[in-house]
Amino acid sequence: MATSPLTAAIPGILRRPAAPAPGIVHLGLGNFHRAHQAVYTDAAITANGGDWGIIGVASRSTTIPDAMHVQDMLYTVVEISPAGSGFTVPRVHTDAFTAAADPDRVTKAIGDAGTRIVSLTVTENGYNYTPATGSLNLQDPAIRHDLAHPGSPQTPIGQIVRGLQHRSRSHGEPVAILSCDNLADNGHHTQRLVREFASLLPAAEAAEALAFIDACTSFPSSMVDRIVPATTDHYRRMVASHRGYDDRIPVAAEPFSMWIIEDNFISGRPTWEDGGAVFSDEVAGYEQLKVRLLNGTHSLIAYLGALAGAVTIPESVSHPSIELAARSVLRHEYLPSVSVPRDVDVDAYEEELFTRWRNTALGHRTSQVGSDGSVKLRQRIPLPALQMLDDGGMPQLLALTTAAYLACIAPLPGFDPGPQAHAMEDPARAMLAGLAAGSRSGHDLARKVIGDHHLLGEELAEREAFILRTGEFIDIIHTAGPLAAIAEAGTPVSLASARALQPTRSTP
Ligand code: CS2
């Protein structure tokens, strides 16, 4: 086999055996997968062997598969912290291709008897479901296409069901489907969507597919955590200057990494614990903790920061009033709704989050975290907000997060939320902008978005007090700015006392 410049530049890699035979098909060959699951799989294979090579499937873009082929399936993970950088090169991928260019190949790969796990990092937006109901979005042209065209599925759910049908017809070997996205109860969520898609097939096909799904698949839940910013030329230059080779597709990541997995693999699994993964029966608690305390607070930091002109998360959280709002939403509005796992010390967890968010070397952008809010916020806000409302309280900072999101993505006429907000992508941007253009006030907009369009689900759509408060915050942001809105939210403690609540041991 010809040796790529990357391989030639890494003598250590040449001494290692080639990646093993594939056992995993991974949908979503983006940065997160390459800096997370691939690293754990590399550790498992190095420690214990096993045919757990990964076939990486990118959704639309050919950039990463093309570069991986040029680089013998290798790339560099650049671990970034203010203290310095580390470089590793996982060797786990056996192939890489793009689903949009080769849909039949995805079905065949998932359908292959050697495939024992199909894993996904396709983002919250990749499951083609309706946030309001949690069901498949049957208005989505891609889902309609996939139901009508068995040979060329475009959506991950369609690809999985077509692959499972192939398995059921050709060999019947079981397979686990492992969601690694930030969705509450992601195993069951994925299982529900897969079953729903299968049930919409013509009757005989549906019965066969559902019988196979029920008998021969498992859907472990997992909680994944590692902050992975978008790759920039800065990281390419870092690899070139520190390591002496050109890598077209390095991935930057923070040093922190966590993976909690439900041990429910019907066809075996790699020993991911060798890379530090934890198999636990408390995944639901870890997911709540992560999706609410980390991701939910992250959204607040991103939207308020973007409106205040902050380009990055560390820049945003260095603003005292945004840090205060973040600490307050985390502790007083998200935490009460979480079943904290036995081994977690919440004070230490909170301090670690702030340390991670302050990682200036990482350059994690507010516009990246603020993207896709219409699907992310649905996972983060409704349950904690409803619980607080039911207890007679008003989730001020959850309403403010929603208001800040709308001010970024769907500003009222005449308000410019600034360049970071403009850079946020969102599948609902056009629809929400249309609603904003016809709205007379914050309340008018909040009523349409939360009440009529169920952006945060059906239950919150009925809570007029929450809608009213969100509308008031929208107006305050538009007239007096995000910091005035934080003051209006009446955060219950000062920054000094919020910090004093915390142990000092993990503060940098
Ligand atoms: C972030 C996450 O973009 C976002 O919404 O909250 O991507 C976050 O960085 C990761 O989940 C960390 O594990």
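Whatever order the structure lists them in is the order used to number ligands and atoms, beginning at 1. If you're wondering where the values come from, they're calculated on a predicted model, not measured in any experiment.
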For atom 9 (O) of ligand 1, which of the options Gln379, Arg380, His298 provides the nearest non-hydrogen atom? His298

Is the Phe32 ring parallel, tilted or perpendicular to the His36 ring (thresholds 30°, 60°)? parallel

Mind checking whether His189 and Tyr129 have parallel, tilted or perpendicular rings, split at 30° and 60°? perpendicular

Report the nearest protein non-hydrogen atom to [atom]: residue, atom name, distance rounded to 0.1 Å.
| atom | answer |
| --- | --- |
| atom 8 (C) of ligand 1 | Asn295 ND2, 3.5 Å |
| atom 11 (O) of ligand 1 | Lys290 NZ, 2.5 Å |
| atom 13 (O) of ligand 1 | Asp225 OD1, 2.6 Å |

State plainly whether the residues [X] and [Y] are in salt-bridge range, i.e. N to O under 4.0 Å.
| X | Y | result |
| --- | --- | --- |
| Arg356 | Asp225 | yes |
| Asp42 | Arg91 | no |
| Arg342 | Asp281 | yes |

Compute the shortest N/O to N/O distance between His364 and ligand 1 and return yes if it is under 3.5 Å, no if not. no

Short version for Asn182: what comes under 4.0 Å of ligand 1, heavy atoms counted, is side chain

Of the side chain and backbone of Lys376, name the one, both, or neither that has a heavy atom under 4.0 Å from an atom of ligand 1. side chain

If only atom types and distance count, is the side chain of Thr297 paired as donor or acceptor with the main-chain N or O of Arg327 below 3.5 Å? no

Numbered atoms of ligand 1 (with element) below 4.0 Å of Ile227, judged on heavy atoms: 9 (O), 12 (C)

What are the atoms of ligand 1, with element, lying closer than 4.0 Å to any heavy atom of Arg226? 12 (C), 13 (O)

Counting only heavy atoms not in Glu459 (residues, nucleotides, ligands), do more than 12 fall under 6.0 Å from its CD? no

